[in-house]
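The structure appears below as structure tokens.
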Amino acid sequence: PEHDAADDTDEEIEDWFSRIQRRRPPHAPSRMRGADVTHIVRIGFAEAARGGRKLLRLADGVRIEFNIPPGTVDRDMLKLDGKGRPGFGGAPDGDAYIEFEVAEHPRLRRAGYDVLAEVALSDAQFRAGARVLVPTLDGERWLNVPPGEPAHAEIRLEGAGIVDPFKHRRGDQ
């Protein structure tokens, strides 16, 4: 019978592919730590100031629950150990990082651990005194403006600001 050299070549190629599929290249790791991931989470001004608990649902159905530290500022990062991509070959999972985007408040702004709110009063209200409703982190609150206060006076609400994690107390408004 005639022997075709092309048949030998085809068999050699098939044998070569079969050996490659059975053998892992020497540089391929048998264990690999999972990848770290970053999630950007938008939170409200008051939620960032007071702190709280949040649930993040990922596209693959995974749910990550985490605490928002009181006093969080825009672009703060929170590390969640082992909540990233799964590891390979028994290696540990990667970490998840939460990057916070803090929304602006329409009537409040932050100054360190203090909160500022502008309330417009007429000259007559400054002369006679007034009772006005002001926004705070905890909702609206009545504020008494004493008679005779100068225009652009600053009135302080002690302890109505943002939690200072180092002094373990709230700033003022």
Side-chain angles (χ1 to χ4, degrees), residues 29 31-126 129-146 149-173:
R31 290 173 38 97
M32 187 183 326
R33 182 181 178 279
D36 292 343
V37 294
T38 300
H39 304 284
I40 297 174
V41 176
R42 187 166 176 82
I43 58 176
F45 182 87
E47 191 176 23
R50 286 192 310 260
R53 192 136 179 88
K54 192 95 170 163
L55 176 66
L56 177 64
R57 293 174 201 259
L58 305 180
D60 60 2
V62 172
R63 297 163 34 129
I64 300 175
E65 215 171 332
F66 57 92
N67 290 321
I68 300 166
T72 295
V73 296
D74 202 40
R75 301 287 175 229
D76 269 358
M77 300 276 290
L78 177 67
K79 180 182 177 188
L80 303 173
D81 295 331
K83 297 293 184 180
R85 300 271 186 245
F88 176 76
D93 295 343
D95 299 326
Y97 292 88
I98 305 295
E99 181 178 341
F100 294 105
E101 276 187 3
V102 179
E104 290 185 20
H105 192 281
R107 299 182 62 200
L108 302 174
R109 66 186 168 87
R110 184 177 179 150
Y113 295 106
D114 294 332
V115 174
L116 305 175
E118 283 191 34
V119 179
L121 298 176
S122 68
D123 288 337
Q125 286 174 306
F126 276 115
R131 187 164 190 229
V132 294
L133 198 57
V134 296
T136 72
L137 293 173
D138 302 314
E140 292 189 318
R141 179 172 163 183
W142 287 102
L143 176 69
N144 292 319
V145 179
E149 280 292 321
H152 304 292
E154 197 174 274
I155 299 173
R156 185 173 302 271
L157 298 173
E158 289 189 30
I162 296 169
V163 173
D164 181 339
F166 302 106
K167 294 182 181 176
H168 303 289
R169 69 169 196 85
R170 286 178 73 170
D172 299 329
Q173 176 169 335

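Computed from a prediction, not measured in an experiment: that's the story for all the values here.
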Next item on the list: Could you grab the distance from atom CG of Leu78 to atom OG1 of Thr72, nearest 0.5 Å is fine?
Entry: 8.0 Å
Check: Gly71 and Asp76: which non-hydrogen atoms are nearest, and at how many Å?
Finding: O-OD2, 4.5 Å
Check: Mind checking whether Leu80 and Asp95 have side chains closer than 4.5 Å, heavy atoms only?
Finding: no
Notebook entry, point to check: Between CD of Glu118 and CG of Leu108, what distance do you get to the nearest 0.5 Å?
Noted result: 11.0 Å
Check: Just wondering, do Val73 and Val102 contact through their side chains at under 4.5 Å, heavy atoms?
Finding: no
Margin query: Nearest 0.5 angstrom please: Met77 CE to Tyr97 OH, how far?
Written below: 7.5 Å
Item checked: Stepwise salt bridge (charged side-chain N to carboxylate O under 4.0 Å, His left out) test for Arg53 and Glu65 -> CA-CA 7 Å; Arg53 192 136 179 88; Glu65 215 171 332; 3.2 Å; yes
Next item on the list: Let me see the working for Glu47 and Lys54 under salt bridge (charged side-chain N to carboxylate O under 4.0 Å, His left out), right down to the final yes or no.
Entry: CA-CA 10 Å; Glu47 191 176 23; Lys54 192 95 170 163; 3.8 Å; yes
Next item on the list: Apply salt bridge (Lys or Arg N to Asp or Glu O under 4.0 Å) to Arg63 and list each qualifying residue two or more places apart in sequence or on a separate chain.
Entry: none
Check: What heavy-atom pair brings Val115 and Gly161 nearest, and what distance separates the two atoms?
Finding: CG2-CA, 3.9 Å
Next item on the list: Please list, chain by chain and in numerical order, all residues satisfying salt bridge (Lys or Arg N to Asp or Glu O under 4.0 Å) with Glu104, sequence neighbours excluded.
Entry: none
Notebook entry, point to check: Within a strict 4.5 Å, meaning less than it, do heavy atoms of the Glu140 and Arg107 side chains meet?
Noted result: yes
Check: By side-chain hydrogen bond (donor to acceptor under 3.5 Å, both in side chains), which residues pair with Glu99, not counting sequence neighbours?
Finding: Arg75
Margin query: If we ignore hydrogens and angles and just use 3.5 Å, is the side chain of Asn67 paired with the main-chain N or O of Pro69 as donor and acceptor?
Written below: no
Next item on the list: Could you pull out the closest heavy-atom pair between Ala111 and Leu116, with the gap in Å?
Entry: CB-CD1, 4.0 Å
Notebook entry, point to check: Which residues pass the salt bridge (Lys or Arg N to Asp or Glu O under 4.0 Å) test with Arg141, sequence neighbours left out?
Noted result: none
Checklist line | Taking every non-hydrogen atom, the tightest pair across Arg33 and Ala91 | finding: N-CB, 3.6 Å
Note to self: Side chains of Val132 and Trp142, heavy atoms from C-beta outward: is any pair under 4.5 Å?
What the structure shows: no
Check: Hey, does Arg57 have a side-chain heavy atom less than 4.5 Å from the side chain of Ile64?
Finding: no
Margin query: Is the shortest side-chain heavy-atom distance between Val134 and Leu157 below 4.5 Å?
Written below: yes
Note to self: If you apply the rule side-chain contact (heavy atoms from CB on, under 4.5 Å), what do you find for Ile68 with Phe100, and how did you get there?
What the structure shows: CA-CA 9 Å; Ile68 300 166; Phe100 294 105; 4.0 Å; yes
Notebook entry, point to check: Just by distance, do the side chain of Gln125 and the backbone of Ser122 share a donor-acceptor pair under 3.5 Å?
Noted result: yes
Next item on the list: Evaluate the side-chain proximity of Arg31 to Pro92: yes if any heavy-atom separation is below 4.5 Å, no if none is.
Entry: yes
Check: Checking Asp114 side chain against Asp172 main chain: does a donor-acceptor pair fall under 3.5 Å?
Finding: yes
Check: By salt bridge (Lys or Arg N to Asp or Glu O under 4.0 Å), which residues pair with Glu154, not counting sequence neighbours?
Finding: Arg156
Next item on the list: Determine, stepwise, if the pair His168 / Val163 fulfils side-chain contact (heavy atoms from CB on, under 4.5 Å).
Entry: CA-CA 7 Å; His168 303 289; Val163 173; over 6 Å; no
Margin query: Please report the interatomic distance OH(Tyr113) to CZ(Arg169), rounded to the nearest 0.5 Å.
Written below: 11.0 Å
Notebook entry, point to check: So, are Arg110 and Asp74 salt-bridged, with charged N and O less than 4.0 Å apart?
Noted result: no
Margin query: Please determine whether salt bridge (charged side-chain N to carboxylate O under 4.0 Å, His left out) holds for the pair Lys83 and Asp36, giving the CA-CA distance in whole Å, both sets of side-chain angles, and the decisive distance to 0.1 Å.
Written below: CA-CA 8 Å; Lys83 297 293 184 180; Asp36 292 343; over 6 Å; no
Next item on the list: Apply side-chain contact (heavy atoms from CB on, under 4.5 Å) to the pair Phe66 and Leu56, showing each step before the final yes or no.
Entry: CA-CA 8 Å; Phe66 57 92; Leu56 177 64; 3.9 Å; yes
Note to self: Taking ring-ring contact (aromatic ring centres under 6.0 Å, His included) as the definition, give me every residue that meets it alongside Phe45, ordered by chain and number, with sequence neighbours left out.
What the structure shows: His105
Notebook entry, point to check: Are any of the side-chain heavy atoms of Arg170 and Ile162 separated by less than 4.5 Å?
Noted result: no
Next item on the list: Could you grab the distance from atom CG of Leu121 to atom CD1 of Ile155, nearest 0.5 Å is fine?
Entry: 7.5 Å
